[in-house]
Enquirer: 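This is the structure I want to talk about, given as structure tokens.
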Number of protein chains: 2
Amino acid sequence: MDFINHLTSNNIKPSLQRIKIFEYLYDNREHPTVDTIYSDLVGDIPTLSKTTVYNTLKLFIDNNITSTVTIEDNEVRYDAIMEEHAHFKCEKCGNVQDVEIDVSALKFKEKNSFKVEKTNIYLKGKCNKCLNKIN
Amino acid sequence: MDFINHLTSNNIKPSLQRIKIFEYLYDNREHPTVDTIYSDLVGDIPTLSKTTVYNTLKLFIDNNITSTVTIEDNEVRYDAIMEEHAHFKCEKCGNVQDVEIDVSALKFKEKNSFKVEKTNIYLKGKCNKCLNKIN
DNA sequence: TCTAAATTTGTAATCATTACAATTTTATAA
DNA sequence: TTATAAAATTGTAATGATTACAAATTTAGA
Ligand SMILES: [Mn+2]
Ligand SMILES: [Mn+2]
Ligand SMILES: [Zn+2]
Ligand SMILES: [Zn+2]
């Protein structure tokens, strides 16, 4: 993945902060929060500001190279994978993982029609790891 | 719908505030926010406190007679209809409507299995009304 | 009626996010 | 290269939703 080219081709000037934040998001697929992103990167970029993380993620979202995952109503997570997929959160361990899904199979029998442009599917339950624990 | 009985049979003592808030939520299907609920009910119950609205909704959720609708990451909406259904938000007019959906049709081909206990499906786009406007 | 428990209320605290102005960095032209 | 303007980053203050908490009110039972 050529991050600089990816940013540039999406009209985003590739500053150090932007490259690092996008790289982090792309490599860490567990859908981190702003705080996690900031904490994990501030060692690398000591001058990093949390405001920059917020600004940068907003910029990414406006340019469609990042999306939010709001599977909980009290935390916003971020995702750099833009291919359509669902999300599963384990309510035991808290992990949020990607789920391949065929969204086109979603046929809703609606009387009043509307045009769907975005679909978000959020699943919750227990993950394989937690199911196999004996406690 | 017998609201008092519904609350009682779900282990919730039917105080005036609880009855009115649940009744409001059940009758107004547009998935109101705390502020909307409070504003619309304070005329009816002049002593109503916003804290009571928060407390009561939390109580409803804990007892599974209400759920949250977090189709936007910056506002929490509430819903008293507990039958499984999806939600559609029109990005023109902001309306959030219910969508009948066959959740069982959702087959995800996952390598790592997990046990799904709750499913939330959020759709966004343009509603019928807004599509038919000439502007 | 009296008393304790439950509920409601108002205010203060918390915490995530945004606004904004100052500083720093980058790009451009002389 | 140097000067200047634009863009990006930063730190701090403001905002706003939610929660904590203690006081007041209401309800239920003896
Ligand atoms: Mn994802
Ligand atoms: Mn609904
Ligand atoms: Zn788990
Ligand atoms: Zn509309």
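Not measured: the values here are computed from a predicted model.
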Enquirer: With a 4.5 Å cut-off on side-chain heavy atoms, are A:Ile101 and A:Phe88 touching?
Expert: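 Counting from C-beta outward, A:Phe88 and A:Ile101 never come under 4.5 Å.
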Enquirer: Mind running salt bridge (Lys or Arg N to Asp or Glu O under 4.0 Å) on B:Lys115 and B:Glu117 for me, showing each step along the way?
Expert: CA-CA 6 Å; B:Lys115 186 157 162 266; B:Glu117 284 155 3; 3.5 Å; yes
Enquirer: At under 4.0 Å, does any side-chain N or O of B:Ser49 touch on OP1 or OP2 of C:dT8?
Expert: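 For C:dT8, OP1/OP2 do not have a side-chain N/O of B:Ser49 under 4.0 Å.
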Enquirer: Could you check B:Asp98, B:Thr68, B:Asn95 and say which one makes a side-chain hydrogen bond (donor to acceptor under 3.5 Å, both in side chains) with B:His31?
Expert: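 For B:His31, the side-chain hydrogen bond (donor to acceptor under 3.5 Å, both in side chains) check succeeds only for B:Asp98.
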Enquirer: Figure out the CZ/C1' separation between B:Arg77 and D:dA17, and round it to whole Å.
Expert: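 Taking CZ of B:Arg77 and C1' of D:dA17, I get 15 Å after rounding.
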Enquirer: Do nucleotides 15-25 of chain C as a string where each nucleotide becomes B, S or -: B if the base has a protein heavy atom under 4.0 Å, S if just the sugar-phosphate does, - if no protein is that close.
Expert: -SBBB------
Enquirer: Salt bridge or not between A:Lys20 and A:Asp44? Use side-chain N to carboxylate O under 4.0 Å.
Expert: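 Result for this pair is yes, salt bridge flagged.
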Enquirer: Taking 4.0 Å as the cut-off, does a side-chain nitrogen or oxygen of A:Gln17 come that near to OP1 or OP2 on D:dT10?
Expert: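 Yes.
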Enquirer: What integer distance in Å separates B:Ile45:CD1 from D:dT25:P?
Expert: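 Taking CD1 of B:Ile45 and P of D:dT25, I get 18 Å after rounding.
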Enquirer: From CG of A:Leu16 over to P of D:dA8, roughly how many Å is that when rounded to an integer?
Expert: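 Going from A:Leu16 (CG) to D:dA8 (P), I get 14 Å.
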Enquirer: Between A:Thr36 and A:Thr33, does any side-chain donor sit less than 3.5 Å from a side-chain acceptor?
Expert: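 Side chains of A:Thr36 and A:Thr33: pair found under 3.5 Å.
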Enquirer: Using atom CG of B:Leu48 as one end and atom C1' of D:dT26 as the other, report the distance to the nearest whole Å.
Expert: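 In whole Å, D:dT26 C1' and B:Leu48 CG are 15 Å from each other.
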Enquirer: State, with a plain yes or no, whether a side-chain heavy atom of B:Phe22 is found less than 4.5 Å away from one of B:Thr56.
Expert: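 B:Phe22 vs B:Thr56: side chains apart.
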Enquirer: Grab the OH-P distance between A:Tyr38 and D:dT10 for me, whole Å please.
Expert: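 The answer, rounded to whole Å, is 9 Å.
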Enquirer: Rounded to whole Å, please give me the gap between CG in B:Leu41 and P in C:dT8.
Expert: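 Roughly 13 Å, once rounded to whole Å.
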Enquirer: Consider the side chain of A:Thr47, meaning its heavy atoms from C-beta on, and name the nucleotide among C:dT8, D:dT9, D:dT10 that approaches it most closely.
Expert: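 In terms of side-chain proximity for A:Thr47, the closest of C:dT8, D:dT9, D:dT10 is D:dT10.
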Enquirer: Check the distance between D:dA7's C1' and A:Lys13's NZ and give it to me in whole angstrom.
Expert: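 The distance from NZ of A:Lys13 to C1' of D:dA7 comes to 6 Å, rounded to the nearest Å.
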Enquirer: Atom CG of B:Leu59 and atom P of D:dT18: how far apart are they, to the nearest Å?
Expert: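 Distance check: B:Leu59 CG to D:dT18 P gives 17 Å.
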Enquirer: Assign A:Ser15 to base, sugar-phosphate, or nothing according to its heavy-atom contacts below 4.0 angstrom with the strands shown.
Expert: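 Touches sugar-phosphate only.
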Enquirer: Taking side chain as C-beta onward, heavy atoms only, is B:Gln97 less than 4.5 Å from A:Phe114?
Expert: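 They are in side-chain contact.
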